[in-house]
Number of protein chains: 2
Amino acid sequence: MSDSTIYEVARLAGVSIATVSRALRGTGPVSAATREKVRQAVEQLRFTPSRLGVSLAEGRHAADGIVFPDLSGPYFGEVLLGYEEVAAELGRSVLILSTRDRAGVPETVKDLATRVDGLVVFGQTLPDALLTELADSGLPMVMLAREAHPGTEAVRSENAGSAEALAVHLIAHGHRRFALAGGHDEGDVSQRWTAVARTLGDHGITVPRPVECPYTVEGGHEAGLTLLRDRPDVVMCADDQVALGVILAAEELGLNVPGDVAVTGWDDIMAARHSRPALTTVRQPLRELGAAAARLLDELIAGAEPTDSTRVLATELVIRASCGAHQVHPPEEQ
Amino acid sequence: MSDSTIYEVARLAGVSIATVSRALRGTGPVSAATREKVRQAVEQLRFTPSRLGVSLAEGRHAADGIVFPDLSGPYFGEVLLGYEEVAAELGRSVLILSTRDRAGVPETVKDLATRVDGLVVFGQTLPDALLTELADSGLPMVMLAREAHPGTEAVRSENAGSAEALAVHLIAHGHRRFALAGGHDEGDVSQRWTAVARTLGDHGITVPRPVECPYTVEGGHEAGLTLLRDRPDVVMCADDQVALGVILAAEELGLNVPGDVAVTGWDDIMAARHSRPALTTVRQPLRELGAAAARLLDELIAGAEPTDSTRVLATELVIRASCGAHQVHPPEEQ
DNA sequence: CTCTGGGCTGTAAGCGCTTCCACTGCCCGC
DNA sequence: GCGGGCAGTGGAAGCGCTTACAGCCCAGAG
């Protein structure tokens, strides 16, 4: 961009750069005649103010950073979509950073931090020590899909209640031997498993520890091959991708889903509705999650004090075929 | 971020800011003793150079912009993932912008342009006039999933060959009455439809004009309800999401897929493998698409002249159940 | 012993903008 | 007729950095 500068505009318009700036931003009084001269000069030179100059002078970037563990799969895309939409409305740009098996993450994140006014961090993407360091430096931060870290704000979707409802539903199906696929991550998933274990405990059912695996179809497939050796009645999965993998594993082992084993997911991604059998799952308001994070961060940047509290968005139990033969709801529309 | 500045570091270390800069960047000679003093001062003050200052002085942002029509669905997430990964390796940040039904796109894009050293633009996201304006301003640009615009570079995946192969396969299945779902977009999709029409024509088959619809499940569903009234043998869809929607529509109309009507997609998203029936489609190398774009843009930014040419990545025909009863390949692994 | 050339360091000029402050007229009210 | 106030404008000081240029000092050469 060999763009012209405010000096050239000023010279062409025959005014000072201060006047050009005032005319363009609408701050301070400028006569109609001057404004017109400036407008013409700007047009002739195709002048656009340098963001760098503006930001340096204003002392702000008008940009947010958002840190993901990964961008693959439908989950993050949806959240990001909701985030970017709100950020754009608020006049802020969005810088993304994916950390997935990458070296030098702390340095990269710190570099990102110098480019933005605030940061959104997903789940357990970053070590707590780094979060503390960033928060202590005064950087506004919002945590996504987990509880707030000291000095930050957070937003996640409801976990325990839906997990309990799902567990109760599965018990009503007559399932007794449970298995959990997808590890304990100190974030959303662990809250769900805790609620599930408690609910099952209330019914005199004990659950084995969850089998750790990456939150991907492949991870679920592998975990499924292990889990299904014990012939559980039902496998509850950390997310829909894992569930799809478990279903694949079941098919490979000659097991019918849900006849021989029920499977449930979490998130309600597109594939959940189209899979065979259609997946019983819990719908998360992914876009709203992103949107809420964007608004929270904007408030912090505007000067609000972080409250260390977590905003919780409601989820919805989605009963489909994979949890058992007796469907509670009629098949969905559209 | 109430960060300290290079001046404070210089004062604490008892040297000039020039020396601090040299010590930190490794440009110019600095004695070991001085280097150590600077290092200590930096550590004590937790100094990180302001990106704004650096960029303003260097005259570059070390950041790329990438413009999407939308971020929902699996397609863009994957491409973005590939992009961001390479960009990070190259030491560049990534700013994203989604334009989906949003007002003031030209202004937003121009704002984005002032924040980056180069831009990647997806398909038909931006009007040609705007592309021309940006390219003329000297902004390095790479087009994604379409042919190069003058003054840019482009990368897309192969369309005509796979489209022809798919059409030939469908003809071999005995299908004769074709329908196309998903509009003519002047980009990737139109290349496919053109190849399909030509191939079918060679076999004496004519195709009706494609039915326009958004590239979503809902769009496909609606288009399907229209298309299927004519009872075609097969519906070829612009992408997998549209295909999933058409399958939904077929089910609603009591039609068996592929028994009564075959359906094909494009992209090979995750849901394609898990849908019922599993979707015959064409796999695009989504991450590679993003990665190639990142590298091309980096070359342009480094000074390479745009060649107005398009790099084409190979695709792969994926035959599953939705195209007809007689499967050519055995069921896939994993 | 003087001269020369590095090595090392500091000074200062930008990079492109915003905005405080000072200044000039001019209109209005008394 | 005169002073106060205000619309309109310019000068200049930053914002935080990089880097060309110049200066200093000292070792080694002559």
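What's counted below: heavy atoms across the whole structure, side chains too, no hydrogens, waters or symmetry copies.
For the pair A:Arg115 CZ and D:dC17 P, the computed distance is 14 Å after rounding to whole Å. Here D:dG16 presents its P atom at 9 Å from CD of B:Glu8, a figure rounded to the nearest Å. One atom, CZ of A:Arg60, and another, P of C:dC17, lie 16 Å apart when rounded to the nearest Å. One can place CG of B:Leu56 at 17 Å from P of D:dG14, the figure rounded to the nearest angstrom. The interatomic distance linking A:Asp111 (CG) with D:dC17 (P) rounds to 14 Å, in whole Å. Rounded to an integer number of Å, the gap from NE2 of B:His61 to P of C:dC15 is 15 Å. Per the geometry, CZ belonging to B:Arg51 stands 19 Å off P belonging to C:dC15, to the nearest Å.
Here B:Ser16 reaches the OP1 or OP2 of C:dG10: one of its side-chain N or O atoms lies under 4.0 Å away.
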Could you write out each protein N or O paired with an N or O of nucleotides 22-28 of chain C at a distance under 3.5 Å?
none

So which protein nitrogen or oxygen atoms get under 3.5 Å of nucleotides 18-20 of chain D's nitrogens or oxygens?
residue: D:dT18; atom: OP1; partner: B:Arg25; partner atom: NE; Å: 2.7
residue: D:dT18; atom: OP2; partner: B:Ser21; partner atom: OG; Å: 2.5
residue: D:dT19; atom: OP2; partner: B:Arg25; partner atom: NH1; Å: 3.1

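In this structure, the side chain of B:Arg287 does not engage the main chain of B:Val79 through any donor-acceptor pair within 3.5 Å. A distance-only check finds a donor-acceptor pair linking the side chain of B:Ser55 to the backbone of B:Arg60 [under 3.5 Å].
Side-chain contact, B:Asp64 with B:Tyr83: a donor N or O sits under 3.5 Å from an acceptor N or O. Between the side chains of A:Glu36 and A:Gln40, at least one donor N or O lies within less than 3.5 Å of an accepting N or O. With 3.5 Å as the limit, one finds a donor-acceptor pair spanning the side chains of B:Arg115 and A:Ser93. Side chains of B:Glu85 and A:Ser98: no donor on one and acceptor on the other come within 3.5 Å.
Environment of CZ in A:Arg35: crowded, with over 12 heavy atoms of neighbouring residues, nucleotides or ligands closer than 6.0 Å. Within a 6.0 Å radius of CZ in B:Arg102, other residues, nucleotides and ligands contribute more than 12 heavy atoms.
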Problem set entry | Test side chain to side chain donor-acceptor pair (under 3.5 Å) applied to B:Arg156 and B:Gln191, step by step | CA-CA 11 Å; B:Arg156 63 168 173 86; B:Gln191 294 190 338; 3.2 Å; yes
For this session: Please report the C-alpha distance between A:Glu58 and A:Arg25 in whole Å, then the side-chain angles of each, then the deciding distance to 0.1 Å, and finally whether the salt bridge (charged side-chain N to carboxylate O under 4.0 Å, His left out) criterion is met.
Result: CA-CA 12 Å; A:Glu58 281 186 337; A:Arg25 326 189 90 217; 2.4 Å; yes
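With rounding to the nearest 0.5 angstrom, the CD atom of A:Glu147 is 8.5 Å from the CG atom of A:Asn159.
With D:dC15, D:dC17, C:dC17 as the candidates, the nucleotide lying closest to the side chain of A:Thr5 is C:dC17.
Under 4.0 Å is where a charged nitrogen must lie from a carboxylate oxygen, and between B:Glu43 and B:Arg39 at least one such pair does.
Remark: B:Asp136 engages B:Thr132 in a side chain to side chain contact (heavy atoms under 4.5 Å, CB included) (not counting sequence neighbours).
Within a heavy-atom distance below 4.0 Å of DNA chain C, the residues of residues 31-45 of chain B found are B:Ser31, B:Thr34.
Each ring pair (Phe, Tyr, Trp, His ring centres under 6.0 Å) pair with one or both residues in residues 54-73 of chain A, not counting sequence neighbours, appears once here: A:Phe68-A:Phe76, A:Phe68-A:Phe122.
A residue-by-residue look at B:Leu52 and A:Gly14 shows that A:Gly14 has its nearest nucleotide of DNA chain D further toward the 5' end.
Between the axis at the start and the axis at the end of the helix from C:dC1-D:dG30 to C:dC30-D:dG1 there is an angle of 50°, using five pairs per end and rounding to 10 degrees.
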